There are 2 protein chains.
Amino acid sequence: MRETVPARPLNATAASLLGFLHAGPLTGWDLVATAEMVIGDFWSLTRSQVYRELAAMEAAGLVVAGEIGPRERRPYQLTDAGREAFATWLDREPGPEQIRYPLLLTMAFGEHLAPARLAAFVAAHRKAHTARLEGYEALRAEAGAGLGPFAGATLDFGIRYERAVLDWFDHLSPEVGGRSEGGAPGGPA
Amino acid sequence: MRETVPARPLNATAASLLGFLHAGPLTGWDLVATAEMVIGDFWSLTRSQVYRELAAMEAAGLVVAGEIGPRERRPYQLTDAGREAFATWLDREPGPEQIRYPLLLTMAFGEHLAPARLAAFVAAHRKAHTARLEGYEALRAEAGAGLGPFAGATLDFGIRYERAVLDWFDHLSPEVGGRSEGGAPGGPA
DNA sequence: CCTTGACAGTCCACTGTGGCATGTTAGCGT
DNA sequence: ACGCTAACATGCCACAGTGGACTGTCAAGG
């Protein structure tokens, strides 16, 4: 008599794993890699959690573990119950986004910090965001429409977000770590 | 011999509480309210965690609890050790931001979802973001420069972010839930 | 006097993060 | 053939963070 846990509603991370399993059996390792690539820019997950969710979902009957292959690879396969749980999850109202930006925290307490230090942080983040934007734009140039409409739309979100952040950096007053005039005349393309 | 835990590095939430305590003693309840107002838009925290961090910080000697007042109010006061821990924390390199946006997840798996359903989600989020932007702009119009440069800069981030999201919504193709032509001609101000 | 609701704090289960530990195997140089 | 290394693959743990349920306090109003 194999008891399956009553079926609590899925969390977004577990549901995403089920989503990826629609394409065929995958191991925890593969799922982490896939998720990082496909949804990593707006949904973070960790190895630890993936393996934990897989174990829980197996107990709940949403996936079944296959034979252990080479290098301890343990492929998981979607069940009908899993397919249904995923469909139910996908149909829910997606909640509001959450942003956690430590630099803004630092800035909010800026009165307690040496101005030059804050400026250095801002400069470092500007650089990082520039690199991310370039990465996204290169991806769109290469892959272009080959991504399909859905991945294209999420990529577009990333591009617009990064541009907004960069714009914000560019309009920051020197008082709060923005660069003073003469840095790099002529804004971004 | 009062043992104080060795001094592990502060987490951002605990540090923020110390930051707010610079203005004078506050209770957990007050801290939650303050934090929600000042940093709530880019750093989420919950009652549960605030009380837990306060207890931990008291054990570590970073704050001292005062007398319990009316309605069980227990004010916490900053110690010198707390002031120093805050300064050290503030001086660290702020890490990258994290965004978790369930709507993008839903969209990424859009091929498994009825198009009309996705469009409804998108419409609901557009509305919510419009409201948020209006709230921010009203705040800037009312409070204006009275916020000070630091709060002004973080508010500005919020405004630019919301505008970027709204722009993204406005350029979404109908295929991925964007509204077809004829919705509301003439974009946002 | 009693109900209601805002205030204030506590507790718990679950989600999420990051690092450490462990074992496996392919590839490489010697 | 041997051992080294690096990538592969999973598991475990402590801590951070979330959201809801729960208890208790007090002011205001019917």
Side-chain angles (χ1 to χ4, degrees), chain A residues 5-18 25-36 39-40 42-60 63 65-76 89 92 95-102 105, chain B residues 5-17 25-36 39-40 42-60 63 65-76 89 95-102 105:
Chain A
V5 183
R8 288 187 300 100
L10 283 176
N11 64 53
T13 299
S16 299
L17 300 181
L18 293 181
L26 290 169
T27 67
W29 187 268
D30 295 334
L31 282 165
V32 171
T34 304
E36 193 118 335
I39 58 172
F42 47 87
W43 196 264
S44 57
L45 39 66
T46 54
R47 274 196 309 290
S48 317
Q49 201 192 349
V50 167
Y51 287 113
R52 206 198 306 160
E53 296 294 351
L54 283 173
M57 288 196 292
E58 191 191 6
V63 295
E67 296 288 296
I68 297 184
R71 285 187 194 234
E72 308 282 272
R73 288 174 64 86
R74 191 201 312 274
Y76 285 88
W89 171 81
R92 100 234 170 269
E97 82 270 34
Q98 272 207 0
I99 299 187
R100 306 195 104 214
Y101 202 164
L105 260 193
Chain B
V5 183
R8 287 188 299 100
L10 283 177
N11 64 55
T13 299
S16 299
L17 301 180
L26 290 170
T27 67
W29 188 269
D30 295 334
L31 281 165
V32 170
T34 304
E36 192 117 336
I39 59 172
F42 48 86
W43 196 263
S44 58
L45 38 65
T46 55
R47 273 198 311 294
S48 318
Q49 201 193 349
V50 167
Y51 286 115
R52 204 195 313 153
E53 295 295 349
L54 283 172
M57 290 197 292
E58 190 190 9
V63 295
E67 297 288 298
I68 296 185
R71 286 188 194 233
E72 309 282 271
R73 288 174 64 85
R74 191 202 313 272
Y76 285 89
W89 170 82
E97 83 271 34
Q98 272 208 358
I99 299 187
R100 307 195 103 213
Y101 202 164
L105 260 194

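Letters go in sequence order (proteins before strands), and every chain restarts at 1. For clarity, every value in this text was computed on a predicted model and none was experimentally measured. These numbers come from the heavy atoms of this one structure, side chains and all, not from hydrogens, waters or symmetry mates.
In plain terms, the two heavy atoms of B/G28 and B/Y51 that are nearest each other are CA-CE2, 3.7 Å. Here the closest non-hydrogen pair linking B/L26 and B/L31 is CD1-CD2, 3.8 Å. Across every non-hydrogen atom of B/P102 and A/E97, the tightest pair is CD-CA, 4.1 Å. Of all the heavy atoms in B/A12 and A/L105, the pair that sits closest is CB-CD1, 3.8 Å.
Rounded to whole angstrom, the span from the CE atom of B/M57 across to the C1' atom of D/dA16 amounts to 14 Å. Between the P atom of C/dG9 and the CD1 atom of B/I68 lies a distance of 9 Å, rounded to the nearest Å. When rounded to the nearest whole Å, the span between CZ of B/R74 and P of C/dG9 equals 7 Å. The CD atom of A/E53 sits 8 Å away from the C1' atom of C/dT15 (whole-angstrom rounding). A/R52 has its CZ atom 11 Å from the C1' atom of D/dA14, to the nearest Å. Atom CG of B/L26 is separated from atom P of C/dC7 by 16 Å (rounded to the nearest Å). C/dT15 atom P lies 10 Å from atom CG of A/L10, rounded to whole Å. Atom CZ in A/R100 sits roughly 10 Å away from atom C1' in C/dG16 (whole-Å rounding).
Dashed line: the shortest gap from a side-chain N or O of A/T27 to OP1 or OP2 of D/dT10 is under 4.0 Å. Contact annotation: B/S44 side-chain N/O to D/dG17 OP1/OP2 distance is not under 4.0 Å. Proximity of A/N11 to the phosphate of C/dG16: a side-chain N or O atom is located under 4.0 Å from OP1 or OP2. B/Y51 has a side-chain polar atom (N or O) that falls below the 4.0 Å cut-off from OP1 or OP2 of C/dG9.
Separating the CD1 atom in B/I68 from the CZ atom in B/R74 is a distance of 4.0 Å, to the nearest 0.5 Å. Rounding to the nearest 0.5 Å gives a distance of 4.5 Å between CG of B/L17 and CE of B/M57.
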Interface polar pairs with nucleotides 20-25 of chain D, N/O, under 3.5 angstrom:
| from | atom 1 | to | atom 2 | distance (Å) |
| --- | --- | --- | --- | --- |
| D/dG20 | O6 | B/S48 | OG | 2.9 |

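Nucleotides of DNA chain C nearest to B/Y76 and A/Q49 differ in position, and the one nearer the 5' end is that of B/Y76. Each of B/R73 and A/P9 was assigned the nucleotide of DNA chain C with the nearest heavy atom; the assignment lying further toward the 5' end belongs to B/R73.
In this structure, A/R100 and B/T13 have side chains that are in contact, with non-hydrogen atoms separated by less than 4.5 Å.
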